[in-house]
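To find a chain, count down the sequence lines: A is the first, B the second, and so on, and within it residues start at 1.
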Amino acid sequence: MEYNFREIEKKWQKYWLENRTFKAEIDYSRPKYYVLDMFPYPSGTGLHVGHPLGYIASDIYTRYKRLNGFNVLHPMGYDAFGLPAEQFAIQTGTHPAVTTGKNILRYREQLDKIGFSFDWDREVKTSDPAYYKWTQWTFIRLFKHWYNNKTQKAEPIDDLIRIFLKEGNGTIDAACTSEWQKDIQKKDPSFPEKWNGIFTADQWKSFTEKQQQEILMNYRLAYLSEAMVNWCPDLGTVLANDEVANGFSVRGGHPVERKLMRQWFLRITAYAQRLLDGLETIDFSESLKEMQRNWIGRSDGAEVVFPVKGTNFALDIFTTRPDTIFGATFMVIAPEHELAEIIATDDRLSAIKEYIDRVKNRSERERMTEVKKVSGEFTGAYCINPLNGKDIPIWVADYVLAGYGTGAIMAVPAHDSRDYEFAKHFGLPIVEVVSGGNISESSYDAKEGTLINSDFINGMEVQQAVKTVIRRIEEMNIGKGKVNYRLRDAIFSRQRYWGEPFPVYFRDGIACVLDESELPLVLPEVDTFLPTETGDPPLARAKNWVTSEGYPYETSTMPGFAGSSGYYLRYMDPRNDHEYFSKESNEYWQNVDLYIGGSEHATGHLIYSRFWNKFLFDIGLACKDEPYRKLINQGMIQGRSSIVYRLKGSNRFVSYGLRDQFDITEMHVDVNLVKDDVLDTDAFKKWRPDLADAEFILEEGNYICGFEVEKMSKSLHNVINPDDLIENYGADTLRLYEMFLGPLEQSKPWDTKGIEGVFRFIRKFRRLFHNHENEFFVSEEEPSAAELKILHKTIKKAREDIERFSFNTAVSSFMICVNELSDPKCCKRAILEPLCILVSPYAPHLAEELWEKLGNTVSISNAPFPVFNEEFVAEDTFRYPVSFNGKMRFQLDLSLDLSSDEVEKLVLQAEESQKWLKGNTPKKIIYVPKKIINIVI
RNA sequence: GCCCGGGUGGUGGAACUGGUAGACACGCAGGACUUAAAAUCCUGUGCCUGUAGAGGGCGUGCGGGUUCAAUUCCCGCCCCGGGUACCA
């Protein structure tokens with residue numbers, strides 16, 4: 001065989017493994033570089049061609065950095081806890097650890113075949129107790145810390161207790177659960193009613209231990225709280241906000257409802273501002289940063305107190321438009337608002353109760369679909385506008401959310417589209433206070449214009465009016481400027497089996513964490529993976545799921561993002577059993593220089609992970625406050641589905657071109673039965689039993705299929721398996737082709753046809769090193785100027801392209817180079833050896849093979865990247881495009897050392913020019929050296 | 001609705017800071033080698049027109065603008081993909 005890729009690739013994969021070629025160790029003599037791929041979840045279906053795209057890109061970059069003298073950390077491991085293995089366990093009884101172990105083996109096998117340069121000695125699995133020990137450890141640290149808003153960092157809870165003992169909590173500015181004192185008071189009436197939550201040192205000392213712990217819980221960064229959560233009955237668990245889309249679970253698409261439950265939370269909201277600010281310092285795509293910004297959702301505004309007329313109550317409202325306060329014509333509170341029923345007048349009370357009841361009992365699904373339906377009820381009560389004393393009616397409506405701001409708003413229909421809809425629907429007044437719109441048609445929401453009908457801010461521009469009103473309400477002591485975030489604390493409990501157990505037990509109802517020396521708390525065995533009859537999570541089935549003192553352990557487990565939040569740090573020192581990672585390893589590897597993965601993790605993993613890291617930074621563990629310096633989202637590889645056209649209600653199929661003449665239904669057919677859009681009709685009949693007697697209406701003797709570009713998925717029968725391609729073309733060709741397909745970040749359809757071109761290239765490249773008899777042969781002859789020019793042009797391009805992650809154009813430049821060298825059949829070592837290094841990150845197996853044949857005894861992976869030499873590509877002439885009025889008409893070779901006057905003269909003298917000048921004298925001649933000559937007539 | 005990203009031949013794509021639009025491939029057509037096929041190699045290939053191995057016109061989603069020159073910059077619009085959705 002001319003090019004025996006099977007043998008070559010097996011040989012070098014074995015060599016790399018046996019020689020630990022890619023083992024990364026701390027080496028102060030070389031600069032470090034850290035390249036990371038997003039943690040894969042080892043699913044049962046294995047990899048399709050879309051999965052390795054990012055891995056190939058990162059591997060190429062890794063190998064490139066090694067060639068440039070960097071000590072590269074490039075690890076791989078598995079996000080091994082997760083729902084699919086557990087769902088499978090429920091169905092079949094197979095332990096998730098068994099399923100996961102099997103899937104990991106399959107993944108590893110597939111990854112190995114592609115020839116990645118991972119340091120496998122650093123492999124981690126989140127389900128391994130030696131790994132999750134540190135996930136549990138971090139949880140304990142979070143539990144034992146609070147967030148000090150004054151210093152803007154996490155501090156030990158013991159320090160907080162010390163302050164409580166000395167001066168109470170009056171001076172503390174902490175990130176804590178809002179209105180926590182109300183919840184505590186509800187549960188424990190020994191706290192004063194209407195307590196504002198402030199206590200003195202003496203009061204603190206007088207609290208029972210249980211009371212103290214209840215209070216501290218509201219300060220901890222990992223805390224237990226009762227809250228409305230996303231409950232998914234089909235999965236039997238609670239889900240985080242990013243795991244829910246449109247009222248359904250992202251994984252599996254099961255309906256999700258709102259439920260009040262006691263859960264563990266992580267106080268990520270404490271870090272909202274830092275998570276936002278950090279985005280300015282990292283190199284992520286603009287769209288990803290924007291997604292994170294929206295998810296964090298900072299809004300600047302003011303909180304204002306509106307007294308409720310004739311009562312001692314007041315409505316606290318949040319608004320981003322304090323400037324429009326004179327246009328507030330009604331107030332709206334959320335149905336869950338505590339004052340809703342209290343302030344309602346007797347005649348309105350039953351209507352209000354009925355409305356609240358109706359709204360509450362709706363499913364999340366109904367709520368979502370009814371979003372555009374305006375509904376609400378008047379409470380009968382009025383607020384007093386604190387700036388002009390006017391009465392404003394108070395309504396209850398579900399378009400105001402209890403969970404955001406204060407759950408109450410001042411409605412300004414003239415300048416808020418939602419308020420406008422509401423006002424129109426219920427016939428409430430609309431008062432224009434910012435000029436610039438036409439409020440008879442729609443609200444004018446823009447934050448620009450001049451204030452009118454607004455007392456002391458009349459004539460001001462919006463920005464100035466906002467500031468003025470905030471200053472005024474602060475002076476009057478009826479409100480203050482305020483920043484709100486949309487980001488919610490992360491729900492950290494899952495009522496599932498296959499996850500990290502919480503290192504938590506309950507002593508007399510008080511949640512306590514284990515001592516760090518007792519970690520890991522190993523996941524116990526259970527008889528079945530289902531919840532108990534009483535609805536408790538599967539861990540409640542475990543025998544002796546209690547501490548040595550007999551206190552019960554927490555029965556929830558941690559969510560998927562727990563194990564993946566800090567994994568990049570563990571890779572630095574993965575076998576350390578007495579600390580998360582050593583200080584030395586962290587100070588050497590620092591953080592990830594290049595992170596490649598899908599954008600679907602924008603609001604999940606990538607936010608949690610940044611939060612987790614900032615916490616570890618605060619407590620002095622991580623030396624960098626951002627985990628990922630640069631991130632690239634690889635685009636999706638879409639499938640190219642093949643479609644056949646079935647005559648309705650029959651087993652006859654009509655070819656693509658004739659389908660319009662019949663009444664047909666479309667059907668996806670397995671792409672493996674189709675070649676160049678021609679269906680293999682015999683294979684089709686054998687595909688499924690019901691198709692055995694299929695008949696075909698052909699065109700020109702063939703059945704032609706239609707096609708559709710869509711998601712690559714099993715159900716659409718368009719999955720391309722990399723194993724098959726490697727079998728037919730080899731891993732080097734697969735690697736090159738995945739890169740050649742198009743820009744890394746763009747989505748693009750997979751089309752197997754194109755792989756032939758790359759396969760041709762790689763054989764042509766190999767042929768440069770072989771003679772006609774297919775024997776390895778290179779000559780020691782001095783290279784010609786032309787050959788050196790080809791080589792150095794390619795060195796330059798290869799480096800520039802890889803530096804900007806333009807792998808597709810780099811592959812093209814190799815093709816051009818090999819085409820140009822093939823013409824004179826260059827076989828000179830001085831050209832081929834550097835070229836071999838250039839290609840090696842992309843096609844490492846063949847490069848190693850040729851490198852060895854060239855007489856090298858050590859792996860090509862640490863060879864020096866060829867140095868570009870300008871001299872070899874220098875030109876003394878340039879072929880100028882000559883344009884007339886901007887249209888290119890002819891080309892002209894000119895020496896580069898001519899003056900612009902000489903150039904102008906020569907151009908005008910050129911024979912071709914006469915034709916275009918048509919006797920005119922040019923008005924102007926533009927001459928841009930090494931670019932263009934343009935003659936304006 | 002709002003926020004991002006994107007629209008270039010039959011197809012994937014290239015053109016990096018405004019300077020020869022369509023590199024490199026696929027596909028297609030023709031040719032060489034071969035009994036034949038595969039493999040390999042050569043030639044052509046944006047569209048229209050044409051005296052067809054000359055020449056010309058049009059052309060980067062659409063309509064304008066700036067410029068000697070626009071795929072690239074500006075304004076307005078259309079379409080596709082992603083995110084988000086009563087967040088005040």
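Heavy atoms of V400(A) sit under 4.0 angstrom from at least one base atom. Within the 4.0 angstrom heavy-atom criterion, only backbone atoms of the sugar-phosphate kind lie near I816(A); the bases stay farther away.
Atom pair I704(A):CD1 and G27(B):P shows a separation of 16 Å (rounding to whole Å applied). In this structure, the CZ atom of R889(A) is 10 Å from the P atom of A21(B), given to the nearest Å. Between the CD1 atom of I409(A) and the P atom of A88(B) there is a distance of 11 Å, rounded to whole Å. Rounding to whole angstrom units, NE2 of residue H605(A) and P of G83(B) are separated by 18 Å. Atom pair K753(A):NZ and G27(B):P shows a separation of 7 Å (rounding to whole Å applied). The separation between E756(A) atom CD and C28(B) atom P is 11 Å, rounded to whole Å. The distance from atom CZ of F759(A) to atom P of G27(B) is 14 Å, rounded to the nearest whole Å. Whole-Å rounding puts the K793(A) NZ to C24(B) C1' distance at 13 Å.
In this pair, H415(A) and Y444(A) present their aromatic rings perpendicular. The plane angle is above 60°, beyond the 30 to 60° band.
Each of D419(A) and M291(A) was matched to the nucleotide of RNA chain B holding its nearest heavy atom; the match closer to the 5' end belongs to M291(A).
Distance from the side chain of R763(A) is smallest for U40(B) among the nucleotides U84(B), U40(B), C86(B). Here the nucleotide nearest the side chain of V936(A), chosen from C86(B), A88(B), C68(B), is C68(B). Candidate nucleotides C26(B), A88(B), C68(B) were compared by shortest atom distance to the side chain of I926(A), and C68(B) ranks first. For I932(A), the side-chain atoms get nearest to G19(B) when compared with the rest of G19(B), A88(B), C41(B). Closest contact between the side chain of K931(A) and the listed nucleotides C24(B), G82(B), G19(B) involves G19(B). Listed nucleotides: C68(B), U84(B), U20(B). Nearest to the side chain of K924(A): C68(B).
Pair assignment for G18(B): none, as no Watson-Crick or G-U wobble contacts are both less than 3.5 Å. Across all strands shown, G5(B) forms a Watson-Crick or G-U wobble pair, both distances under 3.5 Å, with C80(B). Nucleotide G27(B): paired with U45(B) (Watson-Crick or G-U wobble, both distances less than 3.5 Å). C33(B): no Watson-Crick or G-U partner with both key distances under 3.5 Å is found in any strand. Within the shown strands, nothing qualifies as a pairing partner of A85(B) under the Watson-Crick or G-U definition with both distances less than 3.5 Å. Of the nucleotides present, G65(B) is the one that pairs with C73(B) by Watson-Crick or G-U wobble criteria, both distances under 3.5 Å. Shown here, G50(B) forms no base pair; nothing in the strands shown gives a Watson-Crick or G-U wobble contact with both key distances under 3.5 Å.
Rounded to whole Å, the P atom of C77(B) lies 35 Å from the corresponding atom of A23(B). Taking atom P on both nucleotides, A70(B) is separated from G19(B) by 11 Å, rounded to a whole Å. Annotation: G81(B) and G22(B) have their P atoms spaced 31 Å apart (nearest Å). Taking the C1' atoms as reference points, U45(B) lies 14 Å from U11(B), given to the whole Å. Rounded to the nearest Å, the gap between the P atom of U66(B) and that of C28(B) is 47 Å. Here, U71(B) and G9(B) have their P atoms 14 Å apart, quoted to the whole Å. When the C1' atom is used for both G57(B) and G50(B), the distance is 11 Å, rounded to whole Å. Going from the C1' atom of A21(B) to that of C58(B) covers 13 Å, rounded to whole Å.
In this structure the side chain of W295(A) reaches within 4.5 angstrom of the side chain of R486(A), judged on heavy atoms. Taking the side chain as every heavy atom from C-beta outward, Y842(A) and V811(A) approach each other to under 4.5 Å.
In summary, the aromatic rings of F426(A) and F330(A) are positioned with their centroids too far apart to meet the 6.0 Å limit. F740(A) and F807(A) have their aromatic ring centers separated by at least 6.0 angstrom.
OP1 or OP2 of G83(B) has not a single side-chain nitrogen or oxygen of R293(A) nearer than 4.0 Å. OP1 and OP2 of A23(B) both lie 4.0 Å or more from every side-chain N or O belonging to N819(A). The phosphate of C26(B) (OP1 or OP2) has no side-chain N or O of R640(A) nearer than 4.0 angstrom. Of the side-chain N and O atoms in R760(A), none sit less than 4.0 angstrom from OP1 or OP2 of A25(B).
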Review point. Can you give one letter per nucleotide of nucleotides 1-16 of chain B, 5' to 3': B if a protein heavy atom sits under 4.0 Å from the base, S if only from the sugar-phosphate, - if neither?
Key: --SS-------BSSSB

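Under 3.5 Å, the side chains of R799(A) and Y64(A) contain a donor-acceptor pair of N or O atoms. Side chains of S641(A) and N718(A): a donor on one and an acceptor on the other come within 3.5 Å.
Checked against salt bridge (Lys or Arg N to Asp or Glu O under 4.0 Å), R879(A) has the following partners two or more places apart in sequence or in another chain: D893(A). Scanning for salt bridge (Lys or Arg N to Asp or Glu O under 4.0 Å) contacts around K482(A) gives E303(A), with sequence neighbours left out.
The residue from Y729(A), F759(A), W750(A) that alone fulfils the ring pair (Phe, Tyr, Trp, His ring centres under 6.0 Å) condition with Y737(A) is W750(A).
Base orientation at G9(B) is syn, since its O4'-C1' glycosidic dihedral falls within 90° of 0.
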